[in-house]
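One structure below.
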Protein chains: 2
Amino acid sequence: MDVRTLCLGALMGGEATGYEIRKMFDDGTFSHFQIASLGSIYPALTKLTQDGMVTFVEHEQENKPDKKIYQLTSEGRRTFLRTLLQTRPAEDRYRSDILFMLTFAEEMPIELTEALIDEFAARHELMSMQIDPDNPDKPAHQKFHGRDEDGKPSPGCCFVAGLGQAMCNATVKFIRENKQGLLDELRNRKANKP
Amino acid sequence: MDVRTLCLGALMGGEATGYEIRKMFDDGTFSHFQIASLGSIYPALTKLTQDGMVTFVEHEQENKPDKKIYQLTSEGRRTFLRTLLQTRPAEDRYRSDILFMLTFAEEMPIELTEALIDEFAARHELMSMQIDPDNPDKPAHQKFHGRDEDGKPSPGCCFVAGLGQAMCNATVKFIRENKQGLLDELRNRKANKP
DNA sequence: TGTGTCATGTAACACGTTACATGATTCG
DNA sequence: CGAATCATGTAACGTGTTACATGACACA
């Protein structure tokens with residue numbers, strides 16, 4: 001799924017600026033399973049405008065660049081929905097430097113191993129909180145997506161969010177239960193065969 | 001982490017051909033948290049050879065291209081270890097078309113939603129089995145990595161594998177518990193507001 | 001005073017993907 | 001008989017990343 005499609009999807013939840021779309025992928029609704037950077041979003045929106053998939057209204061602001069608020073056209077909406085029906089989803093891809101590095105824990109100082117594990121856990125704890133679509137102390141910008149007239153998040157969103165939280169929580173739990181064991185074993189090995 | 005570093009890491013577990021390295025990322029030890037395709041591995045190995053990080057021995061084979069068995073040089077080993085100590089790990093990145101699509105479940109036929117969920121679950125079940133470093137009915141090529149003299153997988157590998165399994169299992173469990181609820185709610189909504 | 005947020009945009013660059021080329025063997 | 005496995009390699013191509021450019025305001 002290229003950035004253009006992702007932008008269309010982001011706009012399915014209502015109008016937004018490029019900057020706000022990035023936040024949905026950075027902080028918000030899509031943050032745990034898709035990535036898109038500003039450097040790819042802006043060109044994508046330009047292209048989508050040219051193709052008639054989105055339109056924008058410029059809002060003047062003092063001392064800031066004009067805000068461009070983008071919105072799906074009916075053509076854009078149709079195109080996105082068609083894509084949804086026709087696309088064979090690509091394989092999931094997960095890349096984690098930390099896990100790769102931890103594979104070589106035996107070759108590292110134990111303090112580094114521990115730091116990496118803690119960082120991994122911290123990231124997942126944070127993520128788990130960010131994901132909750134009804135988290136009350138979350139900034140408004142994270143609440144854009146997939147809500148019906150009453151402001152309730154859509155069932156699809158809830159399901160995906162719940163799944164994301166389950167994954168994060170399982171990760172954190174595993175670490176809580178297994179970190180010490182790993183560190184102990186590493187210390188043992190170092191003691192026996194240095 | 002670029003492909004060159006990943007290849008060095010792969011060779012930390014012993015000698016291997018390019019083809020076998022790909023399998024470690026496809027099927028094997030690294031498959032659940034890193035990706036590398038043949039089209040990037042071969043050029044990386046060439047470059048690493050030029051830089052003195054690896055060497056290879058050519059084994060003739062009948063009716064097949066000669067097999068090049070690569071091995072770390074001591075320089076390559078040192079370089080990899082240094083990278084390990086000095087690299088600030090990049091953020092994890094997970095991309096899932098399926099989860100993105102499921103976000104829009106309300107806009108899809110229910111059969112498609114269900115099919116996507118089932119596929120997601122199936123992929124994670126498969127992954128969970130592939131991950132187990134001691135799975136007996138796993139082809140030998142998946143057993144390359146991170147083993148000590150006795151053939152036992154290294155503690156780092158075990159930890160990372162366990163973590164991967166925990167994530168997969170949590171995913172599968174969540175789906176088992178929540179899929180039907182989602183489908184029911186979607187059906188309800190369709191019945192009420194078509 | 002420096003960092004972060006809001007806000008857009010461009011462009012060089014690195015990187016990996018995909019497809020192509022080759023070819024025997026094995027498995028269903 | 002077609003598909004998959006083993007086995008390497010090249011090259012065009014598309015894609016996204018990174019860094020740069022600009023600038024005000026708020027917060028610590």
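Values below: all heavy atoms of this structure, side chains included; hydrogens, waters and symmetry mates excluded. Each chain gets a letter, A, B and so on, in the order its sequence line appears, and its residues count up from 1.
- Taking atom NZ on A/Lys23 and atom P on C/dG4, their separation rounds to 16 Å, with Å as the unit.
- In the set D/dC6, C/dT8, C/dC15, C/dC15 carries the atom at the smallest distance from any side-chain atom of B/Arg4.
- Under the 3.5 Å distance criterion, with hydrogens and angles disregarded, a donor-acceptor pair is assigned to the side chains of B/Ser128 and B/Asn169.
- Within the nucleic acid shown, B/Arg93 comes within 4.0 Å of sugar-phosphate atoms alone, with no base atom in reach, counting heavy atoms only.
- Here the CZ-CG distance, from A/Arg4 to A/Leu48, works out to 6.5 Å after rounding to the nearest 0.5 Å.
- Checked for salt-bridge contact, A/Asp92 and B/Arg95 miss the test: no charged N lies under 4.0 Å from a carboxylate O.
- Separating the CE atom of A/Met1 from the P atom of D/dT15 is a distance of 14 Å, rounded to the nearest angstrom.
- Phosphate proximity of C/dT18 to B/Ser37: absent, as no side-chain N or O sits under 4.0 Å from OP1 or OP2.
- Within the cation-pi definition used here (under 6.0 Å to the ring centroid, within 45° of the axis), A/Arg22 qualifies as a partner of A/Tyr19.
- For the pair A/Leu38 and B/Tyr42, both in contact range of DNA chain D, the more 5′-proximal nearest nucleotide belongs to B/Tyr42.
- Between D/dC6 and B/Thr17, no contact under 4.0 Å exists linking OP1 or OP2 to a side-chain N or O.
- At a threshold of 4.0 angstrom between heavy atoms, the contacts of A/Thr46 with the nucleic acid are absent.
- In this model, the phosphate group of D/dT8 is not approached by any side-chain N or O of B/Tyr19 to a distance below 4.0 Å at OP1 or OP2.
- Per the geometry, CD1 belonging to A/Ile69 stands 12 Å off C1' belonging to C/dA7, to the nearest Å.
- One interatomic measurement links the two molecules: CD1 of A/Ile21 to C1' of C/dT8, which rounds to 13 Å at whole-angstrom precision.
- Checking C/dT17, D/dA7, C/dG9 against every side-chain atom of A/Lys68, the shortest atom distance belongs to C/dG9.
- Salt-bridge formation is not detected for the pair B/Glu58/B/Lys67: no Lys NZ or Arg NE/NH1/NH2 atom is positioned less than 4.0 Å from an Asp or Glu carboxylate oxygen.
- When rounded to the nearest whole Å, the span between NE2 of B/His59 and P of D/dC6 equals 18 Å.
- Across all strands shown, A/Gly18 has heavy atoms under 4.0 Å from sugar-phosphate atoms exclusively, and none from any base.
- Computed from coordinates, the B/Asp26 CG to D/dA7 P distance equals 15 Å when rounded to whole Å.
- When rounded to the nearest whole Å, the span between CD of B/Glu91 and C1' of D/dG16 equals 17 Å.
- The distance between atom CD of A/Glu58 and atom P of C/dT8, rounded to the nearest whole Å, is 10 Å.
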